[in-house]
Amino acid sequence: MNSAKDRVPLLMADLDRLYPQSQTELDYRTPLQLMVAVMLSAQCTDKRVNLVTPALFARYRTAEDFATADRGELEEFVKTTGFFRNKAKNIQNACRVLVDKFGGEVPKTLDELLELPGLGRKSANCVLGDAFDTPGITVDTHVGRLSRRLGLTRKIDPVKVEFKLMALIPQPSWTDFSHQLILHGRRVCHARGPKCEECTLAHLCPKVGVAKKS
DNA sequence: ATCCCGAGGG
DNA sequence: CCCTCTGGAT
């Protein structure tokens with residue numbers, strides 16, 4: 001098997017064929033809505049998030065609205081996405097910072113986004129890539145798992161995975177590459193019982209045929 | 001039982 | 001590195 005660096009161009013070509021117009025499946029209209037949706041998506045399916053956001057965004061429209069909302073009421077809106085106390089608190093505190101420090105707008109740089117409580121690197125890069133067209137590698141559970149299976153890294157630490165992928169993937173492709181790995185993780189390369197038989201990336205994958213047992 | 005587009009804290 | 005926070009889906 002070739003080195004990771006040699007396989008990356010082939011991998012990218014296959015992913016482009018497989019998932020030509022990849023994008024987030026979260027529903028949103030504004031950067032603020034995307035920020036909130038991304039915060040709700042932790043340990044929760046996008047589909048579930050999209051079930052709660054219509055009512056949520058109808059009730060709260062501005063960062064000020066979220067910041068001054070009744071905590072209990074906000075919790076009820078986001079309850080079914082799990083971690084609802086943390087999520088409601090983080091959304092509220094993040095929006096408080098938006099109002100106090102960023103004029104009520106979602107900032108457009110990674111460093112500023114990371115100042116918002118509840119927004120980690122994964123979510124910040126999501127907002128950058130999807131709302132502001134700024135390339136970012138988003139290392140979630142899928143991107144981490146697939147990167148390891150595909151032999152792009154052996155690291156567990158999401159930050160190390162992120163930097164390894166940044167070195168491996170051309171910057172303009174960072175956002176698309178992330179979405180493509182996520183889609184492939186959801187549809188084929190599952191955490192448990194990956195469908196290696198029907199995986200079109202199998203010829204690039206060192207893991208195929210190796211201990212896929214339990 | 002185990003996983004889902006995580007983040008923060010120890 | 002580990003743990004906790006949480007409900008829904010499979």
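Proteins get letters first, then strands, A, B, ... in listed order; numbering begins at 1 in each.
With a cutoff of under 4.0 Å to any heavy atom of chain A, the contacted region of DNA chain B is bounded 5' to 3' by B/dT2 to B/dG8.
Scanning residues 162-186 of chain A for heavy-atom distances under 4.0 Å to DNA chain B yields A/His179, A/Ile182, A/Arg186. Within residues 105-127 of chain A, the residues having any heavy atom closer than 4.0 Å to DNA chain B are, in order of number, A/Pro117, A/Gly118, A/Leu119, A/Gly120, A/Lys122, A/Ser123, A/Cys126.
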- For nucleotides 1-10 of chain C, just jot down a letter per nucleotide in 5' to 3' order: B, S or -, based on protein non-hydrogen atoms under 4.0 Å. ----BBBSS-
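Under the side chain to side chain contact (heavy atoms under 4.5 Å, CB included) criterion, A/Arg71 pairs with A/Glu75, A/Ala88, A/Lys89, A/Gln92, A/Asn93, sequence neighbours left out. Residues satisfying the side chain to side chain contact (heavy atoms under 4.5 Å, CB included) test with A/Arg187, not counting sequence neighbours, are A/Tyr19, A/Glu25, A/Leu183. In terms of the side chain to side chain contact (heavy atoms under 4.5 Å, CB included) criterion, residue partners of A/Asp27 (sequence neighbours excluded) are, by chain and number, A/Asn50. Under the rule for a side chain to side chain contact (heavy atoms under 4.5 Å, CB included), the partners of A/Asn90 that lie at least two apart in sequence or sit in another chain are A/Met39, A/Asn86.
For residues 100-110 of chain A, the side-chain hydrogen bond (donor to acceptor under 3.5 Å, both in side chains) pairs, not counting sequence neighbours, are A/Arg96-A/Asp100, A/Lys101-A/Glu115, A/Thr109-A/Glu112. Sequence neighbours left out, not one pair with a member in residues 28-45 of chain A passes side-chain hydrogen bond (donor to acceptor under 3.5 Å, both in side chains).
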N/O donor-acceptor pairs under 3.5 Å from side chains in residues 163-176 of chain A, not counting sequence neighbours:
residue  : atom : partner  : partner atom : Å
A/Trp174 : NE1  : A/Ile169 : O            : 2.8
A/Thr175 : OG1  : A/Gly136 : N            : 3.3

Let me check something: any side-chain donor-acceptor pairs from residues 120-127 of chain A under 3.5 Å, sequence neighbours excluded? List them with distances.
residue  : atom : partner  : partner atom : Å
A/Arg121 : NE   : A/Glu162 : OE1          : 2.8
A/Arg121 : NE   : A/Glu162 : OE2          : 3.4
A/Arg121 : NH2  : A/Glu162 : OE2          : 2.8
A/Asn125 : ND2  : A/Arg121 : O            : 3.2
A/Asn125 : ND2  : A/Ile137 : O            : 3.0
A/Asn125 : ND2  : A/Glu162 : OE2          : 3.3

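For the C1' atoms, the distance from C/dT6 to B/dT2 is 15 Å, rounded to whole Å. If you take atom P in C/dC3 and the same atom in B/dC3, they sit 15 Å apart, rounded to whole Å. The same atom, P, is picked in B/dC5 and in C/dC5; the two are 22 Å apart, to the nearest Å.
With hydrogens and angles disregarded, a donor-acceptor distance shorter than 3.5 Å links the side chain of A/Ser178 to the backbone of A/Thr138. For the pair A/Thr62 (side chain) and A/Asp65 (backbone), a donor-acceptor distance under 3.5 Å is present. The backbone N or O of A/Val188 lies less than 3.5 Å from no partner atom in the side chain of A/Lys195, so there is not a single donor-acceptor pair. Using modelled atom types, no side-chain atom of A/Arg186 and backbone atom of A/His142 make a donor-acceptor pair closer than 3.5 Å.
Applying the side chain to side chain contact (heavy atoms under 4.5 Å, CB included) test between A/His184 and each of A/Leu150, A/Val143, A/Leu146 identifies A/Leu146 as the sole match.
No contact: A/Thr138 has no heavy atom under 4.0 Å from any strand.
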